[in-house]
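Because the structure is predicted, anything quoted here is derived from the model rather than measured. Order of the sequence lines sets the chain letters (A, B, ...), proteins ahead of strands, with each chain counted from 1.
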2 protein chains.
Amino acid sequence: MDVRRLELLRELGERGSITAVATATHRTPSAVSQQLKVLEREIGFPLTERSGRGIVLTDAGRTLARTATDIAVAIERAEAVWNAFVDAPAGEVSIATFPTAGQMFIPGLLKTAAATPGLSLVVSDRDPQLPDFPRLTNDFDVVLAHSPRGLAAGPTPASLSMSSSWSRSTWRCPSAIRSRAARCSRPPTSSTRPGSGCRSATPSSRC
Amino acid sequence: MDVRRLELLRELGERGSITAVATATHRTPSAVSQQLKVLEREIGFPLTERSGRGIVLTDAGRTLARTATDIAVAIERAEAVWNAFVDAPAGEVSIATFPTAGQMFIPGLLKTAAATPGLSLVVSDRDPQLPDFPRLTNDFDVVLAHSPRGLAAGPTPASLSMSSSWSRSTWRCPSAIRSRAARCSRPPTSSTRPGSGCRSATPSSRC
DNA sequence: ACTCATTACGTTGAACGTAAACATT
DNA sequence: AATGTTTACGTTCAACGTAATGAGT
């Protein structure tokens with residue numbers, strides 16, 4: 001039982017004519033007719049019968065078409081699972097932080113990171129007083145820094161994106177935590193950063 | 001995502017080496033390697049990586065192989081459904097009976113026949129006193145007749161096969177109620193009976 | 001006449017095998 | 001050396017299209 005041919009039978013059940021199936025699947029009626037005939041031969045049962053100018057499914061054809069639907073559903077489900085895997089965040093994300101902020105963010109981050117397989121965090125504590133702290137963005141995917149102007153009075157910022165004093169351009173990548181698909185899309189476009197940046201998952205030339 | 005290639009990946013996950021998959025699927029290692037490479041290309045992810053002399057699935061490869069298993073299960077289930085359809089009793093079964101026996105058997109038969117789609121009974125009452133009653137087997141799939149020796153004392157026979165006075169040879173077919181597969185297996189082998197006998201489901205030459 | 005399915009026949013490319021190269025133990 | 005994978009290259013057959021034919025309204 002070939003899946004591709006079963007799919008044709010399913011289409012025939014839904015669309016009602018070989019010509020319709022042919023146009024829907026970008027084929028000629030001839031090809032569809034031939035493939036259905038091959039399927040009939042494989043199965044060993046008449047699956048269609050003429051009805052006026054067109055054809056209709058026999059009892060056997062209908063039941064077989066139903067099984068084809070089940071298979072098609074299974075395949076779509078499988079593809080959905082795969083897409084979920086591809087779009088899931090993954091990879092190694094390096095974070096520079098300083099002790100106070102680290103105590104704040106890291107435990108929660110580690111928890112969510114541990115919950116997503118394939119995602120790992122590399123955290124390193126730094127001294128926020130160093131003059132070139134912003135330059136750390138060259139070496140890390142995420143840098144947690146003080147606002148140079150000092151924090152406004154009020155509750156401590158609760159999300160990474162709140163360090164609004166950073167210009168968006170300091171982010172070399174739109175999102176440090178990238179999905180597999182994003183990481184795999186293209187080799188880095190001449191990144192000036194040596195060890196970090198939009199590195200691809202593997203040095204493979206194809207992926 | 002081609003199902004055949006996914007199947008190869010699944011096999012690779014289970015068997016662990018390309019050579020093993022190749023022998024299991026009656027192919028050369030070369031062919032398997034090439035198909036896996038095509039799959040990798042289609043998918044856009046590295047699915048395998050070298051490990052010593054052999055190869056192992058990557059994370060992506062494993063998840064994709066799992067989806068392949070799901071698809072394989074769905075296909076097997078579909079085939080099981082189809083086989084159930086093929087083996088189910090079906091067709092038109094003609095029965096000759098006489099009033100007394102008919103009252104006995106027919107209601108139950110009609111009930112079970114109605115419960116099995118594709119199976120229809122054609123019942124006709126006859127006079128059991130006619131001299132050529134046994135000849136009716138030429139025209140009917142099942143003939144319910146008196147035992148010529150008369151019934152022994154005791155409870156009424158409760159099943160068709162109890163008319164033990166008939167020789168087995170009076171049955172032209174092993175079983176009057178045939179499955180679709182049996183009916184479809186071969187055109188009748190020069191049956192002497194015109195309208196009945198092991199007739200095939202359709203006059204089609206192939207089936 | 002028109003529409004749909006089928007058959008005849010030629011073409012092409014995906015899948016495969018053979019053989020050689022490559023890699024690892 | 002032995003084992004397992006990959007690459008290069010040639011072959012073949014299944015899937016398809018074009019064109020002609022058949023069948024029904």
Side-chain angles (χ1 to χ4, degrees), chain A residues 1-58 60-62 64-65 68 202-207, chain B residues 1-58 60-62 64-65 68 202-207:
Chain A
M1 290 215 308
D2 182 48
V3 177
R4 275 170 44 83
R5 282 192 266 265
L6 281 182
E7 187 64 17
L8 250 63
L9 188 72
R10 191 180 69 83
E11 291 271 1
L12 180 61
E14 288 177 359
R15 302 187 185 274
S17 86
I18 287 189
T19 322
V21 175
T23 56
T25 61
H26 305 292
R27 276 182 269 227
T28 58
S30 168
V32 175
S33 176
Q34 290 175 59
Q35 290 307 307
L36 287 175
K37 198 144 284 270
V38 172
L39 177 63
E40 218 168 35
R41 211 181 135 85
E42 283 179 347
I43 290 292
F45 274 87
L47 300 173
T48 61
E49 54 189 6
R50 298 203 72 126
S51 158
R53 275 185 298 202
I55 58 171
V56 291
L57 294 185
T58 60
R62 267 188 297 276
L64 198 59
T202 59
S204 152
S205 61
R206 183 187 311 107
C207 172
Chain B
M1 290 215 306
D2 181 49
V3 178
R4 276 171 42 84
R5 283 192 265 266
L6 281 183
E7 187 63 18
L8 250 64
L9 189 71
R10 190 180 70 83
E11 291 270 1
L12 181 61
E14 287 177 0
R15 302 186 186 273
S17 85
I18 287 187
T19 322
V21 175
T23 56
T25 61
H26 305 292
R27 277 183 269 228
T28 58
S30 168
V32 175
S33 176
Q34 289 175 60
Q35 289 309 305
L36 287 175
K37 198 143 284 271
V38 172
L39 177 62
E40 218 168 35
R41 208 180 138 85
E42 283 179 346
I43 291 293
F45 274 85
L47 300 173
T48 60
E49 54 189 8
R50 297 203 72 128
S51 159
R53 276 185 298 202
I55 58 172
V56 291
L57 293 186
T58 61
R62 267 189 297 278
L64 198 60
T202 61
S204 153
S205 61
R206 185 187 310 105
C207 171

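Both Gly54(B) and Gly52(A) lie close to DNA chain D; mapped to their nearest nucleotides by heavy-atom distance, the more 5′-ward contact belongs to Gly54(B).
In this structure, the CD atom of Glu49(A) is 12 Å from the P atom of dT6(C), given to the nearest Å. Between Ile55(A) atom CD1 and dT25(D) atom P there is a gap of 15 Å when expressed in whole angstrom units. Rounding to whole angstrom units, CG of residue Leu36(B) and P of dC16(C) are separated by 11 Å. When the P atom of dC13(D) is taken as reference, atom CG of Asp2(A) falls 18 Å away, rounded to whole Å. In this entry the distance linking CG of Leu39(A) with C1' of dA14(D) reads 15 Å, nearest Å. Between Gln35(A) atom CD and dA5(C) atom C1' the separation is 15 Å, expressed in whole Å. In this structure, the CZ atom of Arg50(B) is 11 Å from the C1' atom of dT3(D), given to the nearest Å. In this structure, the CZ atom of Arg41(B) is 13 Å from the P atom of dT7(D), given to the nearest Å.
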message: Apply salt bridge (Lys or Arg N to Asp or Glu O under 4.0 Å) to residues Arg4(B) and Glu7(B) and explain how you reach the verdict.
response: CA-CA 5 Å; Arg4(B) 276 171 42 84; Glu7(B) 187 63 18; over 6 Å; no
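For the pair Arg41(B)/Lys37(B), no side-chain contact is recorded, criterion being any heavy-atom separation below 4.5 Å from C-beta on. For the pair Leu8(A) and Arg27(A), the minimum side-chain heavy-atom distance is below 4.5 Å.
The heavy-atom pair separating Ile18(A) from Leu12(A) by the smallest distance is N-CD1, 3.8 Å. Pro29(B) approaches Thr19(B) most closely through the heavy-atom pair CG-CG2, 4.2 Å. The two residues Ser17(B) and Ala20(B) come nearest to each other via the heavy atoms OG-N, 3.0 Å. Scanning both residues, Leu64(A) and Met1(A), for their nearest heavy atoms gives CD1-SD, 4.0 Å. Smallest separation of non-hydrogen atoms from Ala24(B) and Glu11(B): CB-OE1, 4.5 Å.
Note that CD1 of Ile55(B) is 10.0 Å distant from CD of Glu49(B), once rounded to the nearest 0.5 Å.
Within residues 11-27 of chain A, the residues approaching DNA chain D are His26(A), Arg27(A), by heavy-atom distance under 4.0 Å.
In terms of phosphate contacts, Arg4(A) brings a side-chain nitrogen or oxygen within less than 4.0 Å of OP1 or OP2 of dC16(D). Regarding contacts with the backbone of dG22(D), every side-chain N or O of Arg53(A) stays at 4.0 angstrom or more from both OP1 and OP2.
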Distances for protein N or O near nucleotides 7-9 of chain C N or O, under 3.5 Å:
{"from": "dT7(C)", "atom 1": "O4", "to": "Ser30(A)", "atom 2": "OG", "distance (Å)": "3.0"}

